[in-house]
Structures are given as structure tokens and as C-alpha cells.
Amino acid sequence: MNKHVKTDSGNQRAASISGRDTRKINLALQGGGAHGAFTWGVLDRLLDEPKLSFEGIVATSAGAMNAAVMAYGLAEGGRSGAQTALANFWRRVSHAAASGPLQPTMLDRFTGSKSLEFSPAFIMFDMITRVMSPYQFNPFNVNPLRQVLEHSIDLDAVRMARCPVKLSICATNVRTGKVKVFGNDELSIDAVMASACLPFLFQAVEIDGEAYWDGGYMGNPALFPLIYGCDTPDILVVHINPIERTELPRTAGEILNRINEISFNSSLLREMRAVAFVTELVDSEMAPSRNLKRIYVHGISDDDTMKALSVSSKLNADWGALVDLRDRGRECADIWLRANFDAIGKRSTVDIRERYL
């Protein structure tokens, strides 16, 4: 399967910072279903930049799938290999969805919201998931994403001995309620599936006798694996879920979506509060800075675009919708690189208190 072709303007932008010194960052990738195609676009643009390297990636849900595929691609074929692997993965996601019942209608396409609001299959599916568990409506635990992942990742290539990045995949332990982080040597298809296991849609994923749900409940994503496990102080968070919404949700779908956004962002906000506290200590004379690690926080997001998308659009893997989100992600990453590349390793480009606290 061929990789998508970039435009001339994209190549010119990729060369816009070629004369600068090489910088290294860590990546923190949020989940959000099909909205993860935005993260695909961000990663695609970052991989274009030869002056930017990656030490660690921590990720959850759709972010975990992007991270695992990117790590595999980097191990097998470098930057271009990672871009090809990501493009092939999302193409397979779209192909798998095309054979399923959740398809946008002509009216959905006409509205431009990438939703499934007018899809009879989605309406029925939404009603079923409100009254039945996945153990009832999907007793055989069919999930086409498993086969997509199996065709998209060679797990041997992601093992620490071969993989050029430190990978951390987050899931939530159903029994203990604690976050579980799977590293390179623990990675499996089950681990990635566990990170993306929404309990209203899929049966819990069992690994070594423990059951796991989506990692977003306890870390979307967790930052501590990057803080304690990587030398690089810079963390670039790729946001999928809007932190703020000005309009009050009124429909059942809007309310449920906002509850999920708040829940999935809560752990990130808690960790950002700790980062802000430590930063204040480092900057003050109250504690010797040699015992504290300074963290530089960066962020790429497009809240305006994400706020305009309905909750059902997270299940819309129509190729046109995915490509639109990919292109938006590339554009946002390009804007961020040109504005903030020189700050990497020197300072945060996000006001932590204003953005997260």
C-alpha cells in the first residue's frame, strides 16, 4: 500500500527549520477514537523534520495505536518507515470500517460534521449500548481493530533492543482502578487493545489474569513514565479532547461526551498541577534544584475543530473524514514547529497554569 503524497508546500515547510540545531522531545498522545487521525497528521509532520528526534512516547487508546505503529515503523524503516506504517494503519482502519454497519449517510456528509447522527445503524447501536453490556450484545467479543493491529505491527521490532524509542502504553486495571503502563518489552496486541477498551463498547481485555479497560480513565496519557524514564525534559502533548467548552451540553449525547472529556482529561490536569508545583520549586530558592527535574511542556491541539465534531464522529472511520483530520493535524504541527522549535530544551511553550490549572 502506498504512502500518501505530500504537497510541495508541505515539503517547503518541512525544510523551513533545516538550518537549526537538532532537538529531542518526548511525545504524549491522547486517545479519541477516529479523532486519532489528527494525531496521525501531527506525527506525520514531526517525522518530516530531520532536526527533531524522539526519546519516549507515552500514549493511550487511539494514541496508543498511533504510538505502537510509529515505533514499529521507526524500528523497521526509520522516519519514512514510520510514516508509511501510520498511513497503512489508518487505511486499514478505514477499510475495516467500510465493511461494517456504521456508515455516514449522505445527510451526515452534507452537514460537514463528520458525524453519524443520521445513520440508522448508529442510532440503533447507540440505543443498544445504553441498555446492554458488550458481554450481551457482542458475546463473541468481535473487534475488527485487533486484526488491523496484527497486520500493522511486528511486535518483535518494538522490543527495546531494536526500537529507537521508549514506548509506554497506558491501560486501566479494572480491579484495582490503577493505571498500568506497558513498556516496549511488555507490549502485545492485547496491551494496545486494552488501552483502547471502552467498557460500554468492548469486553475487558485480560492479560496475565488481570482485566483492563481504556487507559484514558487513569492517564490520558500518564506523564510520569516520561518524567522518570527519560532524560529529555521536553514533553509535547498532542491533545484530542478539548479541555474547555463554552456551550452547556444539553442533549444526552452531548452530556455523555462532555462527561467523558472531563474524565479523560482529569488525570492529565492532576499531573500538570504537579509539574507546575515542581517548576515553581526549581525556580525558587526553597529547594535545591539539583534534586528536582525541570520539565518543559508543549502542546499541539485544535480545539475549535474538535469542538465542532459530534461524539458520533469518533466512530466515523470514513477515509475522507480521516484524511481531513490528518491534514489538519499536519497543519497544526507545522505551525507549532515554525513557532516553537527553538524553545525545545530551553523553556515551555505552554502556560501550564493558564492552560491546565
Side-chain angles (χ1 to χ4, degrees), residues 1-6 31-44 61-70 72-73 82-129 134 137-154 189 192-193 195-198 200-203 205 214 240 253 257 305-306 308-330:
M1 193 173 298
N2 293 329
K3 189 171 82 114
H4 64 275
V5 178
K6 298 181 180 63
H35 294 180
F38 174 85
T39 302
W40 165 29
V42 171
L43 298 177
D44 192 66
S61 199
M65 295 186 181
N66 275 319
V69 172
M70 175 178 169
Y72 156 69
Q83 290 176 309
T84 300
L86 285 165
N88 289 345
F89 166 74
W90 282 101
R91 176 67 79 173
R92 292 187 182 106
V93 169
S94 181
H95 282 170
S99 61
L102 297 180
Q103 302 296 322
T105 64
M106 290 301 296
L107 190 55
D108 288 316
R109 298 178 191 276
F110 180 76
T111 62
S113 64
K114 301 179 177 63
S115 75
L116 300 171
E117 302 296 335
F118 298 100
S119 166
F122 171 76
I123 295 172
M124 181 176 293
F125 180 74
D126 187 47
M127 293 175 61
I128 290 174
T129 57
F137 68 77
N138 186 11
F140 298 106
N141 201 23
V142 176
N143 189 337
L145 280 176
R146 176 178 292 276
Q147 188 174 21
V148 168
L149 281 171
E150 289 172 348
H151 286 108
S152 301
I153 304 172
D154 177 358
I189 297 298
V192 182
M193 295 299 295
S195 183
C197 179
L198 290 169
F200 296 108
L201 301 182
F202 307 112
Q203 297 181 23
V205 178
D214 195 293
I240 296 295
N257 183 49
T305 294
M306 295 304 174
L309 300 177
S310 71
V311 61
S312 67
S313 65
K314 293 181 179 180
L315 298 175
N316 181 8
D318 176 76
W319 182 243
L322 297 180
V323 168
D324 286 346
L325 284 169
R326 179 204 68 192
D327 292 346
R328 187 61 189 144
R330 277 191 60 87

Start with the C-alpha distance between Asn66 and Val42, add both sets of side-chain angles, then the distance that settles side-chain contact (heavy atoms from CB on, under 4.5 Å), and finish with yes or no. CA-CA 11 Å; Asn66 275 319; Val42 171; over 6 Å; no
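In terms of heavy-atom proximity, Phe200 sits nearest to Pro134 at O-CD, 3.9 Å. Of all heavy-atom pairs spanning Ser152 and Val69, the tightest one is CB-CG2, 4.4 Å. Annotation for Ala121 and Pro101: closest pair CB-O, 3.2 Å, computed over non-hydrogen atoms. Contact record, Ser61 with Ser195: N-OG, 2.8 Å, taken as the closest heavy-atom pair. Closest non-hydrogen pair, Ala85 versus Gly73, comes out as CB-CA, 4.0 Å. For the residue pair Ala37 and Leu322, the shortest heavy atom distance occurs at CB-O, 3.6 Å.
Between Phe89 and Ile153 the shortest side-chain heavy-atom distance does not fall below 4.5 Å. Between Val93 and Met65, the closest side-chain pair of non-hydrogen atoms is not below 4.5 Å. In this structure the side chain of Ile240 reaches within 4.5 angstrom of the side chain of Thr39, judged on heavy atoms. Residues Pro120 and Thr105 meet the side-chain proximity criterion, which asks for heavy atoms closer than 4.5 Å. In this structure, the side chains of Asn88 and Arg92 come closer than 4.5 Å at one or more pairs of heavy atoms.
Using cut-offs of 30° and 60° for the angle between ring planes, the Phe125 and Phe137 rings count as perpendicular.
More than 12 heavy atoms of other residues, nucleotides or ligands sit less than 6.0 Å from atom CD of Glu150.
Atom CG of Asn138 sits about 8.5 Å away from atom CZ of Phe202, to the nearest 0.5 Å. For the atom pair Leu325 CG and Thr305 OG1, the distance stands at 8.0 Å (nearest 0.5 Å). Atoms CG and OG, from Asp126 and Ser312 in turn, are 8.5 Å apart once rounded to the nearest 0.5 Å. Within the model, atoms CG of Asn257 and OG of Ser313 stand 8.0 Å from one another, a figure rounded to the nearest 0.5 Å. The CG atom of Leu145 sits 5.5 Å away from atom CE of Met193, with the distance rounded to the nearest 0.5 Å. In this structure, OG on Ser115 lies 7.5 Å from CG on Asn316, to the nearest 0.5 angstrom.
Put simply, the side chain of Asp327 never gets that close to the backbone of Gly41: no donor and acceptor are under 3.5 Å apart. A distance-only check finds a donor-acceptor pair linking the side chain of Gln103 to the backbone of Ala97 [under 3.5 Å].
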